[in-house]
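Along the sequence shown, residues are numbered consecutively beginning with 1. Atoms considered below: every heavy atom in the structure, side chains included; atoms not considered: hydrogens, waters and symmetry mates. These figures come from a predicted structure and were not determined experimentally.
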Amino acid sequence: MTIGADSALHRIIDAIDALSSTAASHQRTFVVEVMGRHCGYLALMSAIAGGCDYALFPENPPAQGWETEMCASLKAGREAGRRDSMVIVAEGAADQTGKPITAEYVRQTLQDQLGEDARVTILGHVQRGGTPSAYDRWASTWLGYEAARAVLGDGEQDSGVVFGFRENRIARLPLIESVANTQNVPTLIKAKNFERAMQARGGSFQENAALFAELATPAPAATPANPRRLGIIHAGGLAPGMNSAAQAAVRLGVNRGFVPLGVSGGFPGLRDGQVRELAWNDVEGWVSEGGAELGLRRHVPDEDELYEISRTIDENEIDALLILGGWNAYMAAHLLWRERDHFPALRIPMMCVPLSIDNNLPGSELAIGADTALNVIVEAIDRIKGSGAASQRAFVVETMGRNCGYLAMMSAIATGAERVYLPEEGITLAQLADDVKYLRLSFSAGRQLFLAIRSEGANAKYTTDFISRIFDEESQDLYDVRQNILGHIQQGGNPSPFDRLLATRLVSRAITAIQENLEAGEFPIQYLGLVNGHVEVTDIGQLRRQIDAKAGRPNAQWWLSLRQVNAAVNEPSF
Ligand code: F6P
């Protein structure tokens, strides 16, 4: 993952979302050209995150006759209920003979073969400009920190390394080999070694290419005689990406031979029998929508409700349950696991997929929804900082996160906050006194703006209001203070490209694991997520060991090591 790619994806997805609404209302076809030179990353990822129908990119050049296959695929999509068609063309796309494929050629083909009045949008250099995304800010700051440490001799003493990102972790790679690998891709494509070109892009690129092919196919490969019935339920607080996850669950479920069943309104809905079959086209457009169309509740059932929950599972012949949600979803799954000896209907495979803006779930270093919330916070803070540009002002901004400081920590790095107050560390009066000292000192030396970020759970008594009043009372007229509690804007909004992609990938893996369990006749209750760059599945029996139940967060939190990055880069020492 190179710095800048995520911001470019933001630009592309904003454009695709905007085009989708006009395309859908006019039942139209759009052909969108994206940048990337010889690399199809932007094309492939935007095709998945934008819910597109067809993608042409350099590493996977289509064989002769692809035009007919593309038209048949778009036609099948329309017949299955799609309101629009969207084709993504990478600027370096070519067919297997090496003949370049242009957006205009695709448009002409659609007009000739389907009679479609398609429109072309070439996104061009807007993709390389604009505000960097939250990920590109915290990731580049961390990368710069590690690189500087290595050069200064504080880190591991390697020379000839390149620091890169694999998922959410820094990877040190041999420079010569990495450059050779990257440069090798166009050579492999030229030599028609397409398989190796795809391999050279890495495992998750290949996984995503296969996923896109599956998602864009609007029909099951083969309908089994006795399709398994897959329940899909949300629980916990709202997280952007719930709809993306539900869409992936329904479409991948159908394609893999399941009958998807949507449970409305979380566990109370399951208790009350609110279950309906969902078809491929029932989830059209959900990938890009915030909210949770299925409905959700925070409610964790108690033992008295398990009889009715079991009855719903029996009556609807639910063979497996996909639980898409946050902390309370995991608590509910744990209860079902504990009680399954008393309720045989609960002896079906279940899988929790992590969705929470708080990023406070075990078994995954990142929860779906946190990246979107982070982008909302960073955008809000940019504006807040802008408002204070002409005056001497200290801002105290409060983020959500309950007892997990992830959003506060990462937004501090991404916005250059000089202070960050985390639930993991608490707040002391002595620390606030130091902060006041620093505020006076630096404003009297000419500072214009100060930014502190406080996670909502940092201290129950030293609230954002309390801290702001202390800073204000002690200002000696050197600066004034404003507080901003960002509130529920953090839960809303459309999911970021990163969250859409993570949702799609994790749901795909969840369904695969469920399938394997069904085939093996096993019925574990599990959760899955990203661990050190890989997707891992954990048995729910590990839950109590992995979490601090009282604090409401995992015991191990990888991102806490970034505390020192903020301290080195943004926080003053005096
Ligand atoms: O758990 C997600 C979360 O957004 C927390 O960060 C926040 O404390 C809480 O939900 C807000 O809850 P509600 O939407 O019920 O006000």
*Asks:* State, without any angle test, whether N517 and Q526 hold a side-chain donor-acceptor pair at a distance under 3.5 Å.
*Replies:*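 Yes - a donor-acceptor pair under 3.5 Å links their side chains.
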*Asks:* Using modelled atom types and a 3.5 Å cut-off, is there a donor and acceptor pairing between side-chain atoms of D6 and backbone atoms of S133?
*Replies:*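 No.
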*Asks:* Between the side chain of S20 and the main-chain N/O of I16, is any donor-acceptor distance below 3.5 Å?
*Replies:*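 Yes, the answer is positive, given that a donor and an acceptor are paired below the 3.5 Å cut-off.
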*Asks:* Any donor-acceptor pair under 3.5 Å linking the side-chain atoms of E59 with those of Y41?
*Replies:*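 Short answer, no.
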*Asks:* Just checking, is any N or O donor in the side chain of N375 or S496 under 3.5 Å from an acceptor N or O on the other one?
*Replies:*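 On atom types as modelled, these side chains do not qualify, holding no pair under 3.5 Å.
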*Asks:* Under the criterion side-chain hydrogen bond (donor to acceptor under 3.5 Å, both in side chains), I'd like the reasoning laid out for D112 against Q108: C-alpha separation, chi angles, the key distance, then a yes or no.
*Replies:* CA-CA 6 Å; D112 295 348; Q108 190 65 50; 3.2 Å; yes
*Asks:* Is there a salt bridge (charged side-chain N to carboxylate O under 4.0 Å, His left out) between D341 and R347? Walk through the geometry before answering.
*Replies:* CA-CA 8 Å; D341 285 348; R347 291 152 73 92; 3.5 Å; yes
*Asks:* Using modelled atom types and a 3.5 Å cut-off, is there a donor and acceptor pairing between side-chain atoms of D499 and backbone atoms of I368?
*Replies:*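 No.
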*Asks:* Nearest 0.5 Å please: distance from the CZ atom of R509 over to the CG atom of L211.
*Replies:*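 Interatomic distance, R509 CZ to L211 CG, rounded to 0.5 Å: 9.0 Å.
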*Asks:* Does the side chain to side chain contact (heavy atoms under 4.5 Å, CB included) test come out yes or no for M35 and L123, once each step is laid out?
*Replies:* CA-CA 8 Å; M35 281 184 163; L123 290 179; over 6 Å; no
*Asks:* Indicate yes or no: does R78 engage E116 in a salt bridge with an N to O separation below 4.0 Å.
*Replies:*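 Judged by the 4.0 Å cut-off on N to carboxylate O distance, R78 and E116 do form a salt bridge.
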*Asks:* Have H342 and E303 got a donor and an acceptor in their side chains that come within less than 3.5 Å?
*Replies:*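 Side chains of H342 and E303: no pair found under 3.5 Å.
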*Asks:* Calculate, to the nearest 0.5 Å, the distance between atoms CG and CE belonging to L321 and M351 respectively.
*Replies:*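 Answer for the CG-CE pair, L321 versus M351, is 11.5 Å.
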*Asks:* Would you find more than 12 non-hydrogen atoms of other residues, nucleotides or ligands less than 6.0 Å from R37 atom CZ?
*Replies:*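 Atom CZ in R37 is not packed in, count stays at 12 or less.
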*Asks:* Does the side chain of L252 reach to within under 4.5 Å of the side chain of L215, using non-hydrogen atoms?
*Replies:*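 Contact flag for L252/L215 side chains = yes.
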*Asks:* Given side chains that start at C-beta, do those of R201 and C39 come closer than 4.5 Å, heavy atoms only?
*Replies:*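 SC-SC contact between R201 and C39 confirmed.
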*Asks:* Assess the residue pair T109 and E67 against the criterion (side-chain hydrogen bond (donor to acceptor under 3.5 Å, both in side chains)); give the C-alpha distance rounded to whole Å, side-chain angles, the decisive distance to 0.1 Å, and a yes or no.
*Replies:* CA-CA 7 Å; T109 306; E67 294 92 337; 5.4 Å; no
*Asks:* Evaluate the criterion side-chain hydrogen bond (donor to acceptor under 3.5 Å, both in side chains) for residue pair E293 and N243; output intermediate values, then yes/no.
*Replies:* CA-CA 6 Å; E293 287 288 325; N243 280 328; 4.6 Å; no
*Asks:* Side-chain contact test, heavy atoms from C-beta onward, threshold under 4.5 Å: evaluate it for M242 versus L238 and give yes or no.
*Replies:*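 Side-chain contact under 4.5 Å: yes.
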*Asks:* Give, for atom CG of L335 and atom CG of L346, the distance between the pair rounded to the nearest 0.5 Å.
*Replies:*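 Rounded to the nearest 0.5 Å, the CG-CG separation comes to 8.5 Å.
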*Asks:* Can you see whether N494 engages S288 through a side-chain donor-acceptor pair at a distance of less than 3.5 angstrom?
*Replies:*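 Their side chains do not contain a donor-acceptor pair, so the 3.5 Å distance test is not met.
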*Asks:* When rounded to the nearest 0.5 angstrom, what distance separates CG in L44 from CD1 in I88?
*Replies:*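 If we round to the nearest 0.5 Å, L44:CG and I88:CD1 are 10.5 Å apart.
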*Asks:* Decide side chain to side chain contact (heavy atoms under 4.5 Å, CB included) for V106 and L56; before the verdict, give the C-alpha distance in whole Å, the side-chain angles of both, and the deciding distance to 0.1 Å.
*Replies:* CA-CA 10 Å; V106 175; L56 293 148; 3.8 Å; yes
*Asks:* With no hydrogens and no angle check, do the side chains of Y527 and E536 hold a donor and an acceptor under 3.5 Å apart?
*Replies:*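 Checked: Y527/E536 side chains show no N/O donor-acceptor pair below 3.5 Å.
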*Asks:* Let me confirm one number: the CD1-CG distance from I547 to L361, rounded to the nearest 0.5 Å.
*Replies:*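 Spacing of CD1 (I547) from CG (L361) equals 9.5 Å.
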*Asks:* Would you mind reporting whether W558 and R169 have side-chain heavy atoms less than 4.5 Å apart?
*Replies:*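 SC-SC contact between R169 and W558 confirmed.
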*Asks:* With a 4.5 Å heavy-atom cut-off, do I122 and V120 have their side chains touching?
*Replies:*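 In contact.
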*Asks:* In plain terms, say whether R271 and E308 are close enough for a salt bridge, that is, a side-chain N and a carboxylate O under 4.0 Å apart.
*Replies:*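 A salt bridge is absent here (no side-chain N lies under 4.0 Å from a carboxylate O).
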*Asks:* Side chain of D95, backbone of P61: donor and acceptor closer than 3.5 Å?
*Replies:*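 Side chain of D95 to backbone of P61, a donor-acceptor pair under 3.5 Å: no, none is there.
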*Asks:* Not counting sequence neighbours, which residues clear salt bridge (Lys or Arg N to Asp or Glu O under 4.0 Å) with R82? List them please.
*Replies:*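 Testing R82 for salt bridge (Lys or Arg N to Asp or Glu O under 4.0 Å), a comparison that skips the adjacent residues, returns D53, D84, E284.
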*Asks:* Evaluate W327 against N360 for side chain to side chain contact (heavy atoms under 4.5 Å, CB included), listing each step before the verdict.
*Replies:* CA-CA 7 Å; W327 186 265; N360 61 344; 4.0 Å; yes
*Asks:* Is there a side-chain contact between Q491 and M400 in this structure, where contact means two heavy atoms from C-beta onward sitting under 4.5 Å apart?
*Replies:*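 They are in contact (side-chain heavy atoms under 4.5 Å apart), so the answer is yes.
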*Asks:* Have a look at S508 and tell me which of R256, E207, E214 forms a side-chain hydrogen bond (donor to acceptor under 3.5 Å, both in side chains) with it.
*Replies:*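 It is R256, the one option of R256, E207, E214 that forms the side-chain hydrogen bond (donor to acceptor under 3.5 Å, both in side chains) with S508.
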*Asks:* I want to check something: taking the side chain as every heavy atom from C-beta on, are I232 and V263 in contact at a cut-off of under 4.5 Å?
*Replies:*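 No, too far: nothing below the 4.5 Å cut-off.
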*Asks:* Would you say R553's side chain and P362's backbone share a donor-acceptor pair under 3.5 angstrom?
*Replies:*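 No; judged by distance alone, with no hydrogens or angles, the pair does not exist.
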*Asks:* Taking atom CZ of R28 and atom CZ of R119, what is their separation to the nearest 0.5 Å?
*Replies:*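 CZ of R119 is found 4.0 Å from CZ of R28.
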*Asks:* Please step through side chain to side chain contact (heavy atoms under 4.5 Å, CB included) for the pair Q111 and D117, ending with a clear verdict.
*Replies:* CA-CA 6 Å; Q111 187 174 322; D117 185 16; 5.6 Å; no
*Asks:* Under 4.5 Å between any side-chain heavy atoms of I13 and R500, yes or no?
*Replies:*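 In short, these two side chains touch, coming nearer than 4.5 Å.
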*Asks:* If the condition is side-chain hydrogen bond (donor to acceptor under 3.5 Å, both in side chains), which residues does Y135 pass it with, not counting sequence neighbours?
*Replies:*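 Y135: no side-chain hydrogen bond (donor to acceptor under 3.5 Å, both in side chains) contacts found.
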